[in-house]
Amino acid sequence: MDERRVGVLAGLGAYSLWGVFPLYFPLLEPAGGLEIVAHRVVWSLLFVGLLLTVRRNWTQVRAVVTDRRALLVLSVAAVLIAANWLIYVYAVNSGHVVEASLGYFINPLVSVVFGVLVFRERLRRLQWVAVAIAVVAVLVLTVDYGHPPWISLALAVSFGLYGLMKKLVRVDAAPGLFVETAVVFLPALAVITVMGAQGDAAFGTAGVGQALLLVSSGLATAVPLLLFAAATSRVPLSTIGLLQYVTPLMQLSIGVFVYGEPMPPARLVGFAVVWLALAVFTVDTLRNAHSNRRAAAPLPAGI
């Protein structure tokens, strides 16, 4: 199997696993969002630490820990991704799966805006059109909900900022995830300990099966990230850009068809406008990638 096909399969695996999270997190109840996120942190750290030991790949972890700038950036990234997890678990377990899916639909456009604001990147004309259409979509959805879609915006902004932090440092998925979870490990452990002492924890009181499900949150967190890293190293970013829509499409379908969340006409119009923005953005990305490949192609011999 060639590298590109492996990369596509790994990408599909990562985005599909993220896509079924709305079915997974309700299984962790009666644990609340804070307890679930705390267990994700603790068990992710242990799982990734074991993986790094088996692969003898602690060198990059030591390099990050001794680099003050990299450690600071990943510490900020850790807080952002923990906040993103907490918002997402709350959204899923409180019946807002559709709104959560919207956050990941608009995330690519939010990341583009951050690129302009932070890295002074220049957007192409169609990219500006896509961003403008997305703003219209948010306004339409604000009218439908009666308030801005805060869950969607919080998920998109927190994950966009997380991606921004990751762009500032170059570190592989496993070492990066280990450092990030190590940063928030003690607060997470404190949450689990305090909740257990107060009798508010599901872990240890709701049966062995429930405890094993909470332990599995470490695997559920780490495996998609490792698959994603395998994909990004093997396929072009334009392909990754197309694959990433698998996650919110799956989440939207689960929200509407499994949980029966409402999709009134006004909300459907808002989503349709978002999809239009993404279509414009995707066409521009693919066209630009094609142009770059043609420009980079070697000239025929003799010319």
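- With Ser101 as the partner, the side-chain contact (heavy atoms from CB on, under 4.5 Å) test is satisfied by one option alone out of Leu155, Ile254, Leu252, Leu249: Leu252.
- Within the 4.5 Å cutoff, no side-chain heavy atoms of Arg267 are placed close to those of Glu99.
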- Task: Begin with the C-alpha distance, continue with both residues' side-chain angles, and end with the deciding distance and a verdict on side-chain contact (heavy atoms from CB on, under 4.5 Å) for Trp18 and Phe228.
- Result: CA-CA 11 Å; Trp18 282 324; Phe228 176 76; 3.9 Å; yes
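- A single hydrophobic cluster is not seen to contain both Val129 and Ile106; linkage of ILVMFWY side chains at heavy-atom distances under 4.5 Å, directly or through other members, places them apart.
- Residues Val280 and Trp128 do not share a hydrophobic cluster, clusters being chains of Ile/Leu/Val/Met/Phe/Trp/Tyr side chains in contact below 4.5 Å.
- Distance CG/Leu74 to CG/Leu80: 11.0 Å, rounded to 0.5 Å.
- Going from atom CG of Asp144 over to atom CG of Leu268 covers 10.0 Å, rounded to the nearest 0.5 Å.
- A donor-acceptor pair under 3.5 Å is formed between the side chain of Thr66 and the backbone N or O of Ala63.
- In this structure the side chain of Asp284 reaches within 4.5 angstrom of the side chain of Arg287, judged on heavy atoms.
- Shown here is Trp150, whose CH2 atom has no more than 12 heavy atoms of other residues, nucleotides or ligands within 6.0 Å.
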- Query: After noting the C-alpha distance and the side-chain angles of Phe271 and Met263, does the key distance pass the side-chain contact (heavy atoms from CB on, under 4.5 Å) rule?
  - Reply: CA-CA 10 Å; Phe271 269 81; Met263 181 63 80; 4.1 Å; yes
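- Under the 4.5 Å side-chain contact rule for hydrophobic residues, Trp43 and Leu50 do not share a cluster.
- Two residues are said to be in side-chain contact when any heavy atoms from C-beta on lie closer than 4.5 Å; Val157 and Phe114 meet this criterion.
- In this structure, the side chain of Tyr104 does not engage the main chain of Tyr245 through any donor-acceptor pair within 3.5 Å.
- Under the 4.5 Å side-chain criterion, counting only non-hydrogen atoms from C-beta, Ser111 is not in contact with Tyr162.
- Under a 3.5 Å cut-off, the side chain of Glu261 and the backbone N or O of Val98 do form a donor-acceptor pair.
- Heavy atoms only, all atoms of each residue included: Ala78 and Val184 are closest at CB-CG1, 4.1 Å.
- Between the CG atom in Leu17 and the OG1 atom in Thr221 there is a gap of 11.0 Å [rounded to 0.5 Å].
- For the atom pair Ile192 CD1 and Met195 CE, the distance stands at 9.0 Å (nearest 0.5 Å).
- A donor atom on one side chain and an acceptor atom on the other are not found under 3.5 Å apart for Ser217 and Tyr24.
- Between Tyr88 and Phe21, the ring-plane angle classifies as tilted under the 30° and 60° cut-offs.
- Of the possible polar contacts, one joining the Asn107 side chain to the Ala156 backbone as a donor-acceptor pair under 3.5 Å is found.
- Checking side-chain atoms of Asp172 against main-chain N and O of Pro175 turns up no donor-acceptor pair under 3.5 Å.
- Between Arg40 and Glu35 there is no salt bridge, since none of the side-chain N atoms of the basic residue sits less than 4.0 Å from a carboxylate O of the acidic one.
- A donor-acceptor distance shorter than 3.5 angstrom exists from the side chain of Gln127 to the backbone of Arg124, with no hydrogens or angles considered.
- The two atoms that bring Gly13 and Leu227 nearest to each other are C-CD1, 3.9 Å, heavy atoms only.
- Using modelled atom types, no side-chain atom of His39 and backbone atom of Val37 make a donor-acceptor pair closer than 3.5 Å.
- Under the 4.5 Å side-chain criterion, counting only non-hydrogen atoms from C-beta, Leu51 is in contact with Arg55.
- How far CG of Leu45 is from CD of Glu180: 11.5 Å, rounded to the nearest 0.5 Å.
- Residues passing the ring-ring contact (aromatic ring centres under 6.0 Å, His included) test with Tyr145, sequence neighbours excluded: His147.
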- Task: Given side-chain contact (heavy atoms from CB on, under 4.5 Å), test Val8 with Leu12 step by step and report yes or no.
- Result: CA-CA 6 Å; Val8 169; Leu12 282 173; 4.2 Å; yes
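- What you find for Ala188 and Val42 is that their closest heavy atoms are CB-CG2, 4.1 Å.
- Residues Leu214 and Ala31 approach most closely at CD2-CB, 4.1 Å, considering heavy atoms.
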- Task: Before giving the answer on side-chain contact (heavy atoms from CB on, under 4.5 Å), spell out for Val97 and Phe25 the whole-Å C-alpha distance, their side-chain angles and the decisive distance to 0.1 Å.
- Result: CA-CA 11 Å; Val97 175; Phe25 285 120; over 6 Å; no
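- At least one side-chain heavy atom of Leu109 sits under 4.5 Å from a side-chain heavy atom of Leu278.
- Minimum interatomic distance between Val61 and Asn57 (heavy atoms only, all atoms of both residues): CG2-O, 4.4 Å.
- Val41 and Leu212 are assigned to two separate hydrophobic clusters, defined by single-linkage of ILVMFWY side chains at heavy-atom distances under 4.5 Å.
- Within the 4.5 Å cutoff, side-chain heavy atoms of Ser16 are placed close to those of Val246.
- Atom CH2 of Trp85 is separated from atom OG of Ser44 by 5.0 Å, given to the nearest 0.5 angstrom.
- Side-chain contact between Val169 and Val64 is absent, with no heavy atoms from C-beta onward closer than 4.5 Å.
- The nearest pair of heavy atoms linking Val273 to Ala137 is CG1-CB, 3.6 Å.
- Connection of Leu168 to Leu72 is not established within any shared hydrophobic cluster, with ILVMFWY side chains joined at heavy-atom distances below 4.5 Å, either directly or through further cluster members.
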